[in-house]
Amino acid sequence: MKNIGFLSFGHWSDSPHSRTRTASDALLQAVDLAVAAEELGADGAHFRVHHFARQLASPFPLLAAIGAKTERIEIGTGVIDMRYENPMYMAEDAGAADLIAGGRLQLGISRGSPEQVIDGWRYFGYEPDDGDTDADMARARAEVLLKVLEGKGFAKPNPRPMFANPPGLLRVEPHSPGLRERIWWGAGSNGTAVWAAEHGMNLMSSTLKNDEGGAPFHVQQAEQIRSFRKAWAEAGWQREPRVSVSRSIFALTSDEDHAYFGGDGESTDQIGHLDADTRAIFGRTYAAEPDVLVAQLAGDEAIAEADTLLLTVPNQLGVDYNVHLLDDILTHVAPALGWR
């Protein structure tokens, strides 16, 4: 395991039990947690994007703010739903955030998941082309984004511009060199992992995937990763791809830890349905004393296949408690998995 970071869904709630009561709390605490994670030595700070929900939805202002307040830690998303995105505008926002961060953006994108409203992307003004599905629309927009991020000119300049232009066709600005190689696809199936490899994107695999064969979650996810790497090699890409997996992992080292997560120690994989046609398998939660965690995680085939582990964090428990959770994993568990 080369890299360990956190993944926050950025929830907020005015519940009396929540330490993240407002959208402002969620955003400002996300910055504070990323700064603290960097101080602990963590490698990444990643944020989920959901629309029409009391969760983080507009990632680029947040990523830019974190980039301006940190120096080393990777910052990214896990993931942005491309059904809602204008790839040209997205390329501008991503380029700006990456330049502010000094080239540390790791941008996770995907075709999206079930949202809080029906076909929410329609409210953003987007419709699939005739004969296409919303998934087709998302993948097509991803392909446009990848092309634009290459930095080649494609737009015909005005012969009488307001400001002088460089020669030739124009590109979207600001352009951040290298960002094209730091795009990750959130794949929910073996097939979409192969598609990501064919398009030269890194692989981001979550705590759930389509149930393909009935094996335990970590075994299916490991097979997905191997399919991705095989397709990558067959596509002839010259660089080494990166692969991340997400896990809910809690080291029980205090009474508070046991109160919150002690009941998850017997957690198992779960089967559910993302929609009427998609049967999914959800990975278990790991919660135990550090030495027990080390033994359990050593048997997780997908963690062994990946180079990056993203720890899902319960952000509504507040920055201080989440720093404690991360510190325990980085100090008592991660070194035994080969980190550092």
Below 3.5 Å, can you tabulate the donor-acceptor pairs from side chains in residues 289-301 to any protein atom, sequence neighbours excluded?
from   : atom 1 : to     : atom 2 : distance (Å)
Glu289 : OE2    : His258 : NE2    : 3.4
Asp300 : OD1    : Arg247 : NH2    : 3.1
Asp300 : OD1    : Ala302 : N      : 3.1
Asp300 : OD1    : Ile303 : N      : 3.1
Asp300 : OD2    : Arg247 : NE     : 3.0
Asp300 : OD2    : Arg247 : NH2    : 3.4
Asp300 : OD2    : Tyr286 : OH     : 2.8

Side-chain atoms of residues 128-136: list all donor-acceptor pairs with protein atoms under 3.5 Å, sequence neighbours left out, distances to 0.1 Å.
from   : atom 1 : to     : atom 2 : distance (Å)
Thr133 : OG1    : Ala135 : N      : 3.3
Thr133 : OG1    : Asp136 : N      : 3.1
Thr133 : OG1    : Asp136 : OD2    : 3.2
Asp134 : OD2    : Arg83  : NH1    : 2.6
Asp134 : OD2    : Arg111 : NH2    : 3.3
Asp136 : OD2    : Thr133 : N      : 2.9

Counting only pairs under 3.5 Å, give me each side-chain donor-acceptor contact of residues 163-170, with atom names and distances, residues two or more places apart or in other chains.
none

Report, one line per pair, each donor and acceptor closer than 3.5 Å where one atom sits in a side chain of residues 328-340; sequence neighbours left out.
from   : atom 1 : to     : atom 2 : distance (Å)
Asp328 : OD2    : Thr253 : OG1    : 2.4
Thr331 : OG1    : Asp327 : O      : 2.8
Thr331 : OG1    : Asp327 : OD1    : 3.0
Trp339 : NE1    : Asp43  : OD2    : 2.8
Arg340 : NH1    : Asp43  : OD1    : 3.3
Arg340 : NH2    : Gly41  : O      : 2.8
Arg340 : NH2    : Asp43  : OD1    : 3.0

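Panel note: side chain Thr20, backbone Asn315; a donor-acceptor pair is recorded below 3.5 Å. Distance alone, capped at 3.5 Å, is enough to place a donor-acceptor pair between the Glu38 side chain and the Arg72 backbone. A donor-acceptor pair under 3.5 Å is absent between the side-chain atoms of Asp307 and the main chain of Lys2, judged by distance alone. Gln238 places a side-chain N or O within 3.5 Å of a backbone atom of Gly236 that can act as its donor or acceptor partner. A side-chain donor-acceptor contact under 3.5 Å links Asn86 to the backbone of Met88. Between the side chain of Ser8 and the backbone N or O of Gly10, at least one donor-acceptor pair lies under 3.5 Å. Listed for the Gln29 side chain is a donor-acceptor partner under 3.5 Å among the backbone atoms of Arg19. Between the Thr70 side chain and the Ile66 main chain, a donor and an acceptor come within less than 3.5 Å of each other. Using modelled atom types, one side-chain atom of Asn202 and one backbone atom of Arg242 make a donor-acceptor pair closer than 3.5 Å. In this structure, the side chain of Thr192 engages the main chain of Ser189 through a donor-acceptor pair within 3.5 Å.
With hydrophobic clusters built from ILVMFWY side chains whose heavy atoms lie under 4.5 angstrom apart, Trp184 shares a cluster with Leu7. Residues Trp121 and Val144 do not share a hydrophobic cluster, clusters being chains of Ile/Leu/Val/Met/Phe/Trp/Tyr side chains in contact below 4.5 Å. Leu326 and Val31 fall within a single hydrophobic cluster, where Ile, Leu, Val, Met, Phe, Trp and Tyr side chains are chained together by heavy-atom contacts under 4.5 Å.
Listed by chain and number, the residues in a salt bridge (Lys or Arg N to Asp or Glu O under 4.0 Å) with Glu234 are Lys230 (sequence neighbours excluded). Partners of Phe217 by ring pair (Phe, Tyr, Trp, His ring centres under 6.0 Å), not counting sequence neighbours: none found. Scored by the ring pair (Phe, Tyr, Trp, His ring centres under 6.0 Å) test, Tyr123 finds Phe52 as partners (sequence neighbours excluded). In this structure His175 satisfies the ring pair (Phe, Tyr, Trp, His ring centres under 6.0 Å) test with no other residue, sequence neighbours excluded. Residues passing the ring pair (Phe, Tyr, Trp, His ring centres under 6.0 Å) test with His199 are Trp195, sequence neighbours excluded. The side-chain contact (heavy atoms from CB on, under 4.5 Å) check on Ala101 picks up Ile75, Arg104, with sequence neighbours excluded.
With rounding to the nearest 0.5 angstrom, the CG atom of Asp119 is 13.0 Å from the CZ atom of Phe124. The distance from atom CG of Leu146 to atom CG of Leu179, rounded to the nearest 0.5 Å, is 10.0 Å. Atoms NE2 and OG, on His218 and Ser205 in that order, are 13.5 Å from each other to the nearest 0.5 Å. For the atom pair CD of Glu212 and CD of Gln220, the computed distance is 6.5 Å after rounding to the nearest 0.5 Å.
Taking the six-membered ring where the residue is Trp, the centroids of Tyr89 and Phe60 are separated by 6.0 Å or more. Under the 6.0 Å cut-off for aromatic ring centres, Tyr260 and Phe250 do not qualify, their centroids lying 6.0 Å or more apart.
Relative to the six-membered ring of Tyr126, Arg141 meets both conditions, a distance below 6.0 Å and an angle of at most 45° to the axis.
Here the side chains of Ile183 and Ile109 are in contact, with some heavy-atom distance below 4.5 Å. Within the 4.5 Å cutoff, the side chain of Leu107 has heavy atoms near those of the Ile80 side chain. Using a 4.5 Å heavy-atom cutoff, the side chains of Val79 and Met204 are in contact. The shortest distance between side-chain heavy atoms of Val243 and Phe228 falls below 4.5 Å.
Checked for salt-bridge contact, Arg21 and Asp14 miss the test: no charged N lies under 4.0 Å from a carboxylate O.
Within a 6.0 Å sphere centred on CG of Asn158, other residues, nucleotides and ligands contribute more than 12 heavy atoms.
Annotation: salt bridge (Lys or Arg N to Asp or Glu O under 4.0 Å) contacts involving residues 171-181, sequence neighbours excluded, comprise Arg171-Glu173. Pairs of residues two or more places apart, or lying in two chains, that qualify as side-chain hydrogen bond (donor to acceptor under 3.5 Å, both in side chains) and include a residue from residues 50-64 are His50-Glu115.
A donor atom on one side chain and an acceptor atom on the other are found under 3.5 Å apart for Ser176 and Asp98.
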